Amino acid sequence: MFNTNTIARFNQLETPFYYYDLNLLSTTLQACKDAADPYNFHVHYAMKANFNSKVFDVIQSYGFGADCVSGNEVKAAIQHGFDKGKVVFAGVGKSDKEINEALDQQIFCFNVESVQELQIINDLAKAKNKTASVAIRINPNVDAHTHHFITTGLEENKFGVNTWELPAVVEALGKCTNLRFQGIHFHIGSQITDMDVYKNLCTRVNELQQWFEERGLPVKVLNVGGGLGVDYNNPDQNPICDFESYFKVFKQFLNIKPNQEVHFELGRALVAQSASLISRVLYVKNGIKKNFLILDAGMTELIRPMLYQAYHQIENLSREPSGENTNPDLSIPNSIKYDVVGPICESTDCFRKDVDLPVSYRGDLIAVRTAGAYGEVMASGYNLRDRVQSVYSY
Ligand SMILES: *Cc1c(COP(=O)(O)O)cnc(C)c1O
């Protein structure tokens, strides 16, 4: 994946840092656009996945909308040139301050997650003599078949309005004079790779839009969220998601009426493969039970493995990949299993256990792949660590 020039460049740099391949990012965005445009599908970028400002500007330049989950994300999206008419604001706990700021910006839509929130947005809009556009985020109770830590569309999850509460939503919408009902919104989880999950979602969306229409509420927007997964195991073989198959499922199984808009909110699928976390081996600890590679990057730079047991491909860029042992003295192995860990004072600060790697040494460059989504954005200053740097492809 990394050519010798790139590795030579890495060798000159202080670690750790995120390395962004902006060419791959552009190719990915173009592939997504090419797959969505023929169907007239609207794609919003879920900016919480990565708001590195260079990355964000590239995404903006492709004309995507922005899916925001905080008031500051709304502000940042508009500052970076995203069209206000394509900014949506989701989130299970929007504060009054955030709602007021978004009302002032005249964003496209609030994705509302409870009856109580509907009433609050209505009150705040009324105080400003404004009308807020809202979509109802519904919890469809569809299993995303992904890791339970990143499942959001089951009744046990905190997100969205459960279907048994929908009559109360309709009643509230009838009373809230400062709200304009736009449509219905769903987001059932992340890192979804099974297209049948989306097929099941379509079935539920069809039933629910019918339910609203029958109650005199025309659904203008069907927002089916994001969650499309990437290949963490084979980043080089599958650097770009199969956007065509993904959008095709919705074209095929969603009951799309004339003049209805279909919206998507993709995060991970647009950015994950475009970055790797590059670090160096600080120390090698060979023990009886375990061998440890202690890196100069840890959970403060990339917390996904520690936060939700996420898998990342790990490579030693300074040694040849470990193939068959060609060493005449077979007592010297050419690959070892290491627990690849960070320097942070927490036992969970481990990228992965029992990773097969070539025999590694202090100073070797280690790449943690597919780190472009929920990576740099979740970096923290725990242990008073330096802020992780970013490096970009030429
Ligand atoms: C996080 C999030 C997304 C994006 O999820 P990905 O798995 O990164 O595609 C979309 N919509 C909402 C409401 C979200 O919270």
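Order of appearance sets the numbers: ligands from 1, and atoms from 1 within every ligand. Just so it is clear, the structure is predicted and the values come from calculations on it, not from any experiment.
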- prompt: Going by distance only, is there an N or O of Gly227 that falls short of 3.5 Å from an N or O of ligand 1?
  reply: yes
statement: When distances are taken from atom 5 (O) of ligand 1, the protein heavy atom at minimum range is His187 CE1, 3.3 Å
task: Mind checking whether Asn111 contacts ligand 1 via backbone (N, CA, C, O), side chain (CB onward), both or neither, at a 4.0 Å heavy-atom cut-off?
output: neither
message: Distance under 4.0 Å to a non-hydrogen atom of Arg137: what atoms of ligand 1 satisfy this?
response: 13 (C)
Distance filter under 4.0 Å to Arg268 heavy atoms, resulting ligand 1 atoms: 6 (P), 8 (O), 9 (O)
Val88-Ile120 co-clustered via ILVMFWY side chain contacts under 4.5 Å: no
field: contact_flag Ala373 ligand 1 heavy-atom lt 4.0 Å
entry: no
message: Looking at Tyr338, I'd like to know if the NZ or CZ of Arg352 sits under 6.0 Å from its six-membered ring centre while staying within 45 degrees of the ring's axis.
response: no
field: Phe250 ring center within less than 6.0 Å of Phe264 ring center
entry: yes
query: Is Ser190 touching ligand 1 with its side chain, its backbone, both, or neither, if touching means heavy atoms under 4.0 Å apart?
result: both
query: Got the closest protein heavy atom to atom 15 (O) of ligand 1, with its distance?
result: Lys48 NZ, 2.7 Å
- request: Examine ligand 1 and decide if any of its atoms is less than 4.0 Å from a heavy atom belonging to Tyr374.
  value: yes
- request: Using only heavy-atom distances, determine whether the side chains of Lys84 and Gln106 contain a donor-acceptor pair under 3.5 Å.
  value: no
Identified side-chain contact (heavy atoms from CB on, under 4.5 Å) partner of Phe181 from the options Val170, Val219, Val112: Val219
- prompt: Can you find a heavy atom in the side chain of Lys86 that is under 4.5 Å from one in the side chain of His42?
  reply: no
query: Under 3.5 Å, is there a donor-acceptor pair linking the side chains of Glu265 and His187?
result: no
message: Within the structure provided, determine whether Tyr382 and Glu346 are in side-chain contact (heavy-atom separation under 4.5 Å).
response: yes
field: For atom 4 (C) of ligand 1, closest protein heavy-atom neighbour
entry: Ala46 CB, 3.4 Å
- request: Say whether His44 and ligand 1 are in contact under the criterion: heavy-atom distance to a ligand atom below 4.0 Å.
  value: no
- prompt: Are any non-hydrogen side-chain atoms of Tyr20 and Asn50 less than 4.5 angstrom apart?
  reply: yes
query: Do any nitrogen or oxygen atoms of Gly267 lie less than 3.5 angstrom from nitrogen or oxygen atoms of ligand 1?
result: yes
Proximity to ligand 1 by part of Glu265, non-hydrogen separation under 4.0 Å: both
